[in-house]
Amino acid sequence: MMKWIRWRGIVAFIGVLIILSGFWFFFIDGFIGRMIEKTGTRIIGARVDLDHADFSIFPAGLILTRLQVTDPDEPMKNAFEVARAAFSIDTVNLFRRKVIIDEMTLDGLEFDTPRKTSGALPSKVAVAPSVSKKVPIKEFKLPLFEVPDVQEILKREELQSLKLVESLRADIKKEKDNWQTRLQDLPDKKKVDKYKSRIDKVKSARKGDIEDILGALGEVKTIKKDLERDIRHIKGVQKEFEVSFTLLEKRLDQAVQAPKEDAYLLKEKYSLSPQGLGNISQIFFGPKVGQWVERTLVWYKRLKPVLERAKERKKDSEVVKPIRARGVDVRFKEHEPMPDFLIRQAKTSLQLSSGNLSGKIKNITPDQDVLGAPLSFAFSGDSLKGVQSVKISGTLDHVVPSSSKDTISLYAKGYQINDAVLSDSDKLPITLKKGLLNLDALIVISGEGFRAKGKARLKSAQLLVEVQDEANLLAASMRSALSEISGFTLHINVHGRPDKYDIHLTSDLDDVLKGAVSRLVQDQALQLERELNSAILEKVGEPLSELKVSLTELETIDGEITARLNQLNRLLGDISAKSILGDKKLLF
Amino acid sequence: MLSIIAKLLKVLNSENEPSQISLAIGFSMIAGLTPFYSLHNILILLLVLVLRVNLSAFILGLAFFSGVAYLLDPIFHWIGLHLLTAGLLKGLWEVLYNSTIWRLERFNNSIVMGSLLFSLLFVVPLCILMNLAILKYREHVLAWIQKSRLVHFIKASKFYETYKSLSKLKGES
């Protein structure tokens, strides 16, 4: 047995272990650093750079120095940069392949810092979606300030009235043909003559002859029945005609009214209506709010893998796809369930240009369902440069992934705005020279639904409006109204799905502008409507008259039906037994 | 390349016991087919170094089976996933899952489980077959090979010099 043991092998084994440990000791920092850079780059879609990583086992911890995360939309800028990040790791769980970070401290977190080299990835590398690749943000344009040319409008637009006239003309012709055919099937003069000859035959029955008289009575009965059937038939047809004719008459009325409706709709489209002015907040602030929403959603999408990862259930066991590994890891019930990755608490201080925001993030894990608690965060800062105080807090709840709910609330007080361009229109450029903003907003993303509600109150505002064309009364009125405004409240309402949402903005600014230019706008709109009405009537007038004539022609069919009905009714009146047999008496 | 072939022949023709070579091949199969950075491979390394198994055979076998593992990974994944999700074994897996040492072993990974089970099942038959094959080789093929023209040709080549130098080194040590 002893001949199978190689004692020197134990020494060699220890030697191998020492070499491996030494290798690990010298290279683990670089390995971790590269892992962080590679994984971060894949998630963000732009370069993530780390100056240095320092890993220690006793006590287990990791210190990262200068972590830079490139902004994928501006590769010469970092979306954020951390001067130092220190992690204290739970050693026992590390041996169980679980990275549990009890506390993480981020020092010197800055946003939008410049980069020395571009952080863009080569095009062949698959990247996360960037803002520019998203659905284009809805464009809001200032309404026109001049009455548009009516002929130009009519060239561009398809008139509903013309369409109606054309379809009605075709239908009247069809109905005419149809009723001409139907008339041929109705009892005509020939049939009336036939009835007359049958009646005459009955009248000539021999007097006193009982058989003749009885025969005549039977024939009278038969003629009467036939006449009644034909009358019923004609009455039915006449009713059908009346229904069809009434319908056509109604459509003709609609066609007559259609030019007015066309003029109204085109006026609504092409003129600056008081209702259109009601959307002035949307025009001024819509693009900016749209950009914020897009940016928030893109970052949310990028960070979503941190909140939730791909899992599937297979025969009561949970199969988890690890980010980097071959095969799949199957997860079983744990006596004390713990996620594979968890940062219990992250303390951080955000260095903004306006000052520092400090706060905490709790429970960062892609396995909230295992932990049973959502991610929560709260940041605040007071007496910052350009803003009195800021509070951002929220909960990203993916404990039950199928009914996830993320809530973020933002509160800012005394935010100073300087030289913000509200409208870059040539006709009416508007700049908010200065103002103090108080903002209160709430964003909720639940499942596929998304909504955001906010209220922004601007105080001490000074608006600069430069009207290029002084002759333009509308622009001049708006300038005068806006110049007097010193504050307003903006209500923001966004709802829909992250890929398709609507932004609705309202403010008391709308009412101010509406009041200032309402009369002017109404006059302009009325003038446009009148012009449109007469231009459309010019186009549609003649076809409409033709339609009226056609319908009158169709009405003659009703006269023909009535005439035939009257003839048969007269015959029915003539054919009573008494009128045919007169005072003939039976001889028995 | 010549050196590797020379080593192989050296291993096969050395005076090492066939059982020492076949056991080394068996160990190399476990270490080669399963993911290299697995806990059980530390035990395999310890056994390879402490037991008098043929180290060259182990290294050659490790290189060979590591290559084969790439081809067999889908089968290992399939075996592993079926075992890990089998209702009957659920209790056992739960006990192991709550043990730190088994978590370090990553038994709950489909490929680790599949490849480890596969190699443990086939290690004994492989050792027996290898043992028989080496015995047959030495009994019948070795004498025939040594007499062949090819061997004469080889003995006159640079390759044989390498082989001889390896043998000398071995003798000196």
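Proteins get letters first, then strands, A, B, ... in listed order; numbering begins at 1 in each.
The distance from atom CG of A/L20 to atom CD1 of B/I42, rounded to the nearest 0.5 Å, is 8.0 Å.
Here the shortest heavy-atom pairing between A/K333 and B/Y97 reads O-CD2, 4.3 Å.
Counting only heavy atoms from C-beta outward, the side chains of B/R103 and A/K98 approach each other to under 4.5 Å. Using a 4.5 Å heavy-atom cutoff, the side chains of B/L51 and A/I5 are in contact. Side-chain contact between B/L49 and A/I10 is absent, with no heavy-atom pair separated by less than 4.5 Å.
Both the backbone and the side chain of B/S19 come within contact range of chain A, judged by heavy atoms closer than 4.5 Å. Only the backbone of B/V48 comes within contact range of chain A, with heavy atoms under 4.5 Å apart. Heavy atoms closer than 4.5 Å to chain B are found nowhere in A/V11, neither backbone nor side chain. Neither the backbone nor the side chain of B/I101 comes within contact range of chain A; no heavy atom of the residue lies under 4.5 Å from a heavy atom of that chain.
Between chain A and the options B/L104, B/N98, B/T100, the largest number of non-hydrogen pairs under 4.5 Å is found for B/N98. When each of B/I111, B/L96, B/L23 is checked for heavy-atom pairs under 4.5 Å with chain A, B/I111 comes out on top.
Here the side chain of B/S110 pairs no donor or acceptor atom with the backbone of A/G327 at under 3.5 angstrom.
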Can B/N108 and A/R331 be said to form a side-chain contact (heavy atoms from CB on, under 4.5 Å), step by step?
CA-CA 7 Å; B/N108 61 320; A/R331 178 180 281 161; 5.7 Å; no
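Atom CG of B/L71 has more than 12 neighbouring heavy atoms from other residues, nucleotides or ligands inside a 6.0 Å radius.
Classification of the B/W93-A/F332 ring pair by plane angle, with boundaries at 30° and 60°, yields tilted.
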